[in-house]
Amino acid sequence: MPTPVQAAPVLDVAASPRLARSVSVRPERFGALLYDFRTRKLMFLKSPRLAHVVRLMDGTTTVGDCMDRAEVPAGERGPLLQVLHHLQRIRMLTDHPLPEGGPEERDTP
Amino acid sequence: MTAAALDRRPENRLVDHFEQGLEAPICLTWELTYACNLSCAHCLSSSGRRDPRELTTEQCEAVIDELQRMGVFYVNIGGGEPTVRPDFWHLVDYAVAHQVGVKFSTNGVRITPENARRLAATDYVDVQVSLDGATAEVNDYIRGPGSYDTALRALANLHEAGFRDAKVSVVVTRQNVGQLDEFKAIADRYGATLRLTRLRPSGRGADVWDELHVLPEQQQELYRWLVAHGEDVLTGDSFFHLAPLGGPLPGLNLCGAGRVVCLIDPIGDVYACPFAIHDEFLAGNVLGEGGFAGVWRDSGLFRELRNPQSAGACSSCPFFDSCRGGCMAAKFFTGLPMDGPDPECVLGHSETALLGQRSVPPASQDHSRPFATRNEPVLVQLQRRRPAAPPVSACAESPLAGFQPAPTPR
């Protein structure tokens, strides 16, 4: 996989994070709203496709697979991975497996 | 394409989505009671006395159930003083148990060490302590004697109980705008975050707005301070009318009334925003057939607000995109046209209108106490009385003594 040329960091497509348990999701016409009760941060997922990808992320499926399943066109993957990286940075996404024995824990950047 | 470019594509402009309204409010204020131990001079809801029609515990629970179904993340609970409701703590627990977070505003009267410990035990509750002066002198002038000590004691109790990141909520006024650094220091001292909001001429605020609202040169000072402290200070996005001073401040720069925000009052009436408790902005009642969801989705008023609004007199202003005509409630309660500039337009576009003939709408509800109480603020201004005519002594003998000739028409 070639390194993306964008300056902004992106999430690794091989990662398989999931939403933190303190995060609540609400679907909206433009995509979805995320709210983290722990940090009281509100985030806007500004496209239905991005919202779809986030919905598919269960802690076992890789981000790449989620994007395939949500049929994200190649041109949109870069920006989408940037947003996902941001969500991971503010810990709305977590790599920790669910207690019921999920996948192996990955290191986060 | 970068993420920023993705944001700029027309179908992704959040502002447009917000203007068309969301499936459920992001920011829902719920005034639980009109009862209050204080009588702040600028109270938005003209609170003081409880209303006998206030929602019962069961009715409140039903509202929370509905908010949960709608996916409302949290409610901003206020009043009055919400903590004086006997079922307040029960309702907070009930909301949290139903995945509805609670942020509540209080003057601190019931934030005892015990209650502070209880609040510190959950992530789902946030507390905002109102403070309108960094010194007792400035604060108590509009909030009433003793209210400064009450607020600081509450902040200390929260801090000692290990409650993280309470909010110190300040309404910026002409008297306290010079104390912003001191407010920040108070918040820091208690491990809290400073939250600054704009004084609205709503409720009793209409009576004191002329005396309390920040002056034009103070707006500049405030704007500079907000820019310098950006992310460390919350504003409830209430200063978007300052954007023409040098660019938008962080946050949503638009009026969210009926689109992103709304208010439920103690008797269940739903208004377009927390600053608009007036018949003109009444959308319905949660006890009606469709409940709160029905009002949010279908009320005629909210549908109207979600249609494109006319920029009116502001349409030719180059800054319209950043301030969007300012605050609807501020215009309404100062008697200015709704499609014109904000009364505090930083470009001075409302000055003429404010000086001209305007009729300030009468309040449509008032729960103020009928008589002054011991701890009620008294806004006294010393004024020199200017007699209309020279004094006339009791023994003046002139037959024309005290006679004021009517001005002769030209």
Side-chain angles (χ1 to χ4, degrees), chain A residues 4-11 19-55 63 67 70 72-92 94, chain B residues 1-28 67-76 95-96 98-103 122-128 164-167 193 195 231 234 236-237 251-252 256 259-261 306:
Chain A
V5 266
Q6 281 116 351
V10 296
L11 190 69
L19 279 179
R21 247 173 309 180
S22 56
V23 175
S24 222
V25 186
R26 186 170 95 207
E28 285 285 349
R29 254 169 314 172
F30 59 82
L33 287 172
L34 299 184
Y35 182 73
D36 190 336
F37 283 99
R38 194 173 38 84
T39 58
R40 290 157 197 153
K41 268 201 171 82
L42 185 69
M43 286 293 295
F44 305 93
L45 300 185
K46 293 186 237 178
S47 86
R49 245 192 304 264
L50 171 58
H52 191 186
V53 171
V54 169
R55 255 201 324 276
V63 176
M67 291 198 297
V72 181
E76 279 184 26
R77 297 197 170 200
L80 203 140
L81 287 169
Q82 281 180 22
V83 177
L84 293 178
H85 178 267
H86 179 71
L87 291 178
Q88 188 185 47
R89 197 173 55 78
I90 61 174
R91 295 203 269 156
M92 278 193 166
T94 171
Chain B
M1 187 162 49
T2 64
L6 193 68
D7 290 353
R8 278 194 300 271
R9 292 192 317 191
E11 71 272 24
N12 284 338
R13 277 200 6 157
L14 269 185
V15 167
D16 299 333
H17 288 292
F18 288 166
E19 294 204 325
Q20 293 156 22
L22 300 180
E23 302 295 318
I26 292 180
C27 193
L28 167 67
L67 299 181
Q68 181 186 22
R69 284 195 295 272
M70 291 176 77
V72 172
F73 299 128
Y74 60 89
V75 281
N76 296 297
V96 170
H98 288 77
Q99 284 89 45
V100 178
V102 171
K103 300 185 178 190
T122 168
D123 278 343
Y124 287 75
V125 182
D126 195 9
V127 186
Q128 252 172 230
R164 282 179 306 150
D165 202 22
K167 310 292 177 291
T193 300
R195 179 174 186 271
E231 304 286 328
L234 303 171
D237 300 335
L252 285 181
R259 308 161 186 122
V260 182
V261 309
R306 292 165 193 169

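Numbers restart at 1 for each chain; the letters A, B, ... are given by sequence-line order, proteins then strands. Nothing here was measured: the structure is a model prediction, and the numbers come from that model.
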Looking only at B:Asp126, B:Val72, B:Ile26, the option with the highest number of non-hydrogen pairs under 4.5 Å against chain A is B:Asp126
Over 12 foreign heavy atoms within 6.0 Å of CZ, A:Arg38: yes
Is A:Arg40 positioned over the aromatic face of B:Tyr74, cation under 6.0 angstrom from the ring centre and no more than 45 degrees off axis? no
Above 12 or not: heavy atoms from other molecules or residues under 6.0 Å from CZ of A:Arg91? no
Strictly distance-based, threshold 3.5 Å: is any side-chain N or O of A:Glu28 a donor or acceptor partner for the main-chain N or O of B:Glu23? yes
Residue pair A:Phe30 / B:Leu22: nearest heavy atoms and the distance that separates them: CE2-CD2, 3.5 Å
Contact origin within B:Val102 toward chain A - heavy atom pairs under 4.5 Å: neither
Go through the atoms of A:Phe37 and report whether side chain, backbone, both or neither lie under 4.5 Å from a heavy atom of chain B. both
